[in-house]
Amino acid sequence: MAVEIKICGLSTEATLDAALDAGADHVGFVAFSRSPRHVTVERAAALAARARGRAGVVLLTVDMDDAELDALTAAVKPDTLQLHGRETPERAAELKRRHGLAVWKAVPVSDAEDLDAVGLYEGVVDRVLFDARPPRGAALPGGNGVAFDWRLLDRLDPKLRFVLSGGLAPENVAEALSVVHAPAVDVSSGVESAPGVKDPERIRAFVAAVRGA
Ligand SMILES: O=C(O)c1ccccc1NCC(=O)[C@H](O)[C@H](O)COP(=O)(O)O
C-alpha cells in the first residue's frame, strides 16, 4: 500500500494547488493563532473547498473549546480533526462523537516512554501522529522542524495506523521510511522557504522522495 502524504500548514491557493497537483493525500490547515501557518476560519473554509474531492482536509487545532471548534468545523467541513494539544483520550472520544469526523491525535516523542501514550488513544482515535516533542521553550506544540529518533518506533504494533511527523524534508524522508515503515508521513517546515512560506518545488520534491522511497 502506498505511503500516504500529508502536507500541513498550507495557507495560499498556489501552494495548496502545488500539494494537490503533486498528489498529496491530505492537506492540513492550522487554526492556532501563534503559528506562522495560522489561517482564519474564512481562509480555511475557502482552501478546504478548493481541496475537497482531491485530498483529505485536515483541520489542526490545539486544545480548542467546543464553541470555537463547532464554528470552525461548520465553516471548514474538514474530513479529519488533528488534535495537537493536551487533549485526553476522553476529550478525543467526545470530539469524535460530537463531530463525526476522523480524529488524529498528535503524540510528542522524545524517548521510548512516550510511546506508552499509544495505548491510551488506540481504539479511540483513528490515527496517532508521532511528532517530535517540542524543544524546551518552543513557542509551538508542533511545526518545529524537529525530528525524533525514528528507531523508537521499531517496537510499535505493525498494525497500528500512524503518521510519522517531525522534521521531515525531501532530503531525509526516504531515510526515515527505510528506518520505519510508516503508513503515512506528514511535513510542514521541511517544505518551506521561511516559517509559514510553503515552497512549491520543495512540496513536489517531498512527494517525489516519498514515492521513490
Ligand atoms: O505547523 C504548525 O505551525 C503547528 C502549530 C501548532 C500545532 C501544530 C502545528 N503543526 C502540526 C503538524 O501537523 C506539523 O506538520 C507537524 O508538527 C510537523 O511539523 P514539521 O516538523 O515542521 O514538519
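Ligands are counted one by one from 1 in listed order, and the atoms in each one are counted from 1 as well.
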*asked:* With nothing but distance in play, are any N or O atoms of Gly190 less than 3.5 Å from an N or O of ligand 1?
replied: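 No, since none of the N or O atoms of Gly190 sits under 3.5 Å from an N or O of ligand 1.
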
_Looking only at distances, can you tell me whether any N or O atom of Gly145, backbone or side chain, sits closer than 3.5 Å to an N or O atom of ligand 1?_
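Indeed, backbone or side chain, Gly145 has an N or O that close.
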
*Would you say the ring centroid of Trp104 lies under 6.0 angstrom from that of His26?*
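Yes; His26 has its ring centre under 6.0 Å from that of Trp104.
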
Interfacing atoms of ligand 1 (cut-off 4.0 Å, heavy-atom, [X]):
X      : answer
Gly166 : 18 (C), 21 (O)
Ser165 : 16 (C), 18 (C)
Pro141 : 6 (C), 7 (C)
Leu60  : 7 (C), 8 (C), 9 (C), 10 (N), 11 (C), 12 (C), 13 (O)
Ser189 : 20 (P), 22 (O), 23 (O)
Lys6   : 13 (O)
Val146 : 21 (O)
Val62  : 7 (C)

*Taking it one step at a time, do Ser165 and Asp186 satisfy side chain to side chain donor-acceptor pair (under 3.5 Å)?*
CA-CA 5 Å; Ser165 181; Asp186 164 62; 2.6 Å; yes

*From Trp150 atom CH2 to His181 atom NE2, the distance as rounded to the nearest 0.5 Å*: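 Separation between the atoms: 13.5 Å.
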
*First locate atom CG of Leu47, then atom OG1 of Thr12, and finally report the distance between them rounded to the nearest 0.5 Å.*
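One gets 7.5 Å once the value is rounded to the nearest 0.5 Å.
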
Got the closest protein heavy atom to [atom], with its distance?
atom                    : value
atom 9 (C) of ligand 1  : Gly142 C, 3.5 Å
atom 15 (O) of ligand 1 : Asp186 OD2, 2.7 Å
atom 21 (O) of ligand 1 : Gly167 N, 2.8 Å
atom 23 (O) of ligand 1 : Ser188 N, 2.8 Å
atom 10 (N) of ligand 1 : Gly143 N, 3.5 Å
atom 17 (O) of ligand 1 : Asp131 OD2, 2.5 Å
atom 2 (C) of ligand 1  : Arg37 NH1, 3.3 Å
atom 13 (O) of ligand 1 : Gln82 NE2, 2.8 Å

*Any donor and acceptor pair, going by atom type alone, linking the side chain of Asp114 with main-chain N or O of Asp111 inside 3.5 Å?*
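At least one qualifying donor-acceptor pair exists.
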
*Ignoring hydrogens and geometry, is there a side-chain-to-backbone donor-acceptor pair from Asp21 to Ala18 under 3.5 Å?*
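Checking the backbone N and O of Ala18 against the side chain of Asp21, no donor-acceptor pair under 3.5 Å is found.
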
[X] bridged to [Y] by N-O distance under 4.0 Å:
X     : Y      : result
Glu13 : Arg43  : yes
Asp63 : Arg91  : no
Lys6  : Asp131 : no

*asked:* Applying side chain to side chain donor-acceptor pair (under 3.5 Å) to Arg37 and Ser188, what does each step give before you reach the verdict?
replied: CA-CA 9 Å; Arg37 305 158 187 111; Ser188 192; 3.1 Å; yes

_Trace of the side chain to side chain donor-acceptor pair (under 3.5 Å) decision for Gln82 with Lys105_ = CA-CA 6 Å; Gln82 180 177 317; Lys105 178 68 185 85; over 6 Å; no

